[in-house]
Amino acid sequence: MIVLIQRKIQFQHYMIIMLHLLAILIFFMWNLGSTCEAQLRNSILEAQAGVPLIIHVPYFRSGKGCLEGCFDDDQNRIQFWKQSFLEFTIAAFLTVAGHGSYFGFSDMEDPDDEYELGSWADSSWSYFPQYDSIQTGPPLGDAVLTNNNRRFTREFEKMTVMADCDKGEHLLVSKSAGPTSSPVCNESPFRFKIIKDDGRKMFRDCTWVSQNSSNHCNFEGVSSMCPSTCNACSTCIDSTSRFKFVKNGKMISRSCEWTATKNSVGRCQIEGMSDTCRDTCGSY
């Protein structure tokens, strides 16, 4: 059995589990390219030897995924948002994991870690909906390596899973229902700031954008507020625009940086916030 599970435990508890299961604890996906390839190939060997893996994926907001940024061997930077890094690393884990292996994903720069435990607090280990929605069934064999051994593809009873160490791409494709990795992006209901070419500033909403989308979607930040209208659903990210909403009976203007900085759980409960700050609120 391969398990996607989020462990809300501190490091010493990991060590107890590791000793109990005779498993290997791996801090997963420090970088792409050869680093990613070597880690996945080594994980396959461990699985073939019957050694369970306990995978901890650290997500760094400042690095958009990896600690100092994710780069391929040609030093091309590939940026991940929290949800895309989660799904990429889940796919990578599934291509290599053997019987009894575990997966965990923590936010290393969690703004709600009030005790500054460095990602070991409960708030840093969210339980993501992907842990329930990704149903692979048993594996039908080991991963097949292509693209100069950088692309790992594995067939399961119910899914095909792929992780590409070069490009940072992944697939989680159900054999009955199609891809599960494509995000659904709702339009933000908030009015947001637009700066026109002549420097004028104004607040508009997605209804206004839809009236002339070929032009309005070109303004900075609009596609992140109105991804469906602007055909940008492949990048479900936090809005980069400043927006207005009602809080405690007052209209205020904020950005997703405000949502992510403090009390993210509470702020993401504000109506419309999860459709505006999709990456920040994706786990709540």
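Here, residue 1 is the first one in the sequence, and each next residue gets the next number.
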Could you state the interatomic distance from [atom1] ([X]) to [atom2] ([Y]), rounded to the nearest 0.5 Å?
| X | Y | atom1 | atom2 | result |
| --- | --- | --- | --- | --- |
| Thr261 | Arg267 | OG1 | CZ | 7.0 Å |
| Lys64 | Ile78 | NZ | CD1 | 15.0 Å |
| Tyr127 | Asp132 | OH | CG | 3.5 Å |
| Arg191 | Thr207 | CZ | OG1 | 9.5 Å |
| Leu40 | Leu145 | CG | CG | 8.5 Å |
| Leu67 | Glu109 | CG | CD | 8.0 Å |

Practice task
Decide whether Ile237 and Val209 are clustered together by the hydrophobic rule: side chain heavy atoms of Ile, Leu, Val, Met, Phe, Trp, Tyr closer than 4.5 Å, transitively.
Solution key: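 No: no chain of side-chain contacts under 4.5 Å links Ile237 to Val209.
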With sequence neighbours excluded, residues passing side-chain hydrogen bond (donor to acceptor under 3.5 Å, both in side chains) with [X]:
| X | value |
| --- | --- |
| Ser274 | none |
| Asn147 | none |
| Thr276 | Ser188 |

Practice task
State whether the side chain of Asn186 and the backbone N or O of Asp275 hold a donor-acceptor pair below 3.5 Å, judged by distance alone.
Solution key: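 Answer holds: no.
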Exercise for the section: State whether the side chain of Ser84 and the backbone N or O of Phe80 hold a donor-acceptor pair below 3.5 Å, judged by distance alone. Expected result: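 Not a single qualifying donor-acceptor pair exists.
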Exercise for the section: Identify, with sequence neighbours excluded, every residue that meets side-chain contact (heavy atoms from CB on, under 4.5 Å) alongside Thr146. Expected result: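 Checked Thr146 against side-chain contact (heavy atoms from CB on, under 4.5 Å); matches are Val144, Arg151.
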In a table with atom names and distances, give each donor-acceptor pair under 3.5 Å that connects a side chain of residues 243-260 to protein atoms at least two apart or in another chain.
residue	atom	partner	partner atom	Å
Ser253	OG	Arg242	NE	3.0
Ser255	OG	Glu257	N	3.4

Practice task
Report yes if the SG atoms of Cys70 and Cys66 are separated by under 2.5 Å, and no otherwise.
Solution key: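 Yes, Cys70 links to Cys66 through a disulfide.
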Exercise for the section: Inspect cysteines Cys268 and Cys281 and report if their side-chain SG atoms are under 2.5 angstrom from one another. Expected result: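 Yes, disulfide present: SG-SG under 2.5 Å.
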Practice task
With sequence neighbours excluded, give me every salt bridge (Lys or Arg N to Asp or Glu O under 4.0 Å) pair touching residues 198-213.
Solution key: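 Only Asp198-Arg200 qualify under salt bridge (Lys or Arg N to Asp or Glu O under 4.0 Å).
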If you look at every heavy atom in [X] and [Y], which pair is closest and at what distance?
| X | Y | result |
| --- | --- | --- |
| Phe88 | Asp164 | CE1-O, 3.7 Å |
| Ser224 | Pro227 | O-CD, 4.1 Å |
| Gly100 | Pro52 | O-CB, 3.5 Å |
| Met159 | Lys175 | O-CE, 3.6 Å |
| Leu53 | Ala97 | CD1-CA, 4.5 Å |
| Arg77 | Gly63 | NH2-O, 3.1 Å |

Any [X] side-chain heavy atom under 4.5 Å of [Y] side chain:
| X | Y | answer |
| --- | --- | --- |
| Ser241 | Phe190 | no |
| Thr160 | Glu155 | yes |
| Trp208 | Ile194 | yes |

Practice task
Start with the C-alpha gap between Val161 and Phe152, add the side-chain angles, then the distance that decides, and say whether side-chain contact (heavy atoms from CB on, under 4.5 Å) holds.
Solution key: CA-CA 8 Å; Val161 178; Phe152 293 69; over 6 Å; no
Exercise for the section: Over 60° means perpendicular and under 30° means parallel, so classify the ring planes of Tyr131 and Phe128, tilted if in between. Expected result: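 Phe128 vs Tyr131 ring planes: perpendicular.
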Who pairs with [X] by salt bridge (Lys or Arg N to Asp or Glu O under 4.0 Å), at least two apart in sequence or on another chain?
| X | result |
| --- | --- |
| Glu37 | Arg41, Arg150 |
| Glu169 | none |
| Asp74 | none |
| Asp72 | none |

For residues 27-36, which side-chain N or O atoms pair as donor and acceptor with protein atoms under 3.5 Å away, sequence neighbours left out?
residue	atom	partner	partner atom	Å
Trp30	NE1	Phe27	O	3.2
Asn31	OD1	Phe71	N	2.7
Ser34	OG	Asp73	OD1	3.3

Exercise for the section: Start with the C-alpha gap between Leu94 and Arg154, add the side-chain angles, then the distance that decides, and say whether side-chain contact (heavy atoms from CB on, under 4.5 Å) holds. Expected result: CA-CA 8 Å; Leu94 288 172; Arg154 193 178 192 184; 5.9 Å; no
Practice task
Could you verify whether a donor N or O on one side chain and an acceptor N or O on the other, from Thr229 and Glu187, lie under 3.5 Å apart?
Solution key: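 A pair is found: one side chain offers a donor N or O, the other an acceptor, under 3.5 Å apart.
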Take atom [atom1] of [X] as the centre, draw a 6.0 Å sphere, and report whether it contains more than 12 heavy atoms from other residues, nucleotides or ligands.
| X | atom1 | answer |
| --- | --- | --- |
| Glu220 | CD | no |
| Asn212 | CG | yes |
| Asn148 | CG | no |
| Gln75 | CD | yes |

Practice task
Determine, step by step, whether Ser43 and Phe93 satisfy the side-chain contact (heavy atoms from CB on, under 4.5 Å) criterion, reporting the C-alpha distance in whole Å, the side-chain angles of both residues, the deciding distance to 0.1 Å, and the verdict.
Solution key: CA-CA 9 Å; Ser43 297; Phe93 165 76; over 6 Å; no
Exercise for the section: Would you mind listing the cluster partners of Phe203? Hydrophobic ones only (ILVMFWY), side-chain contacts under 4.5 Å, chaining allowed. Expected result: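 Same cluster as Phe203: nobody, lone residue.
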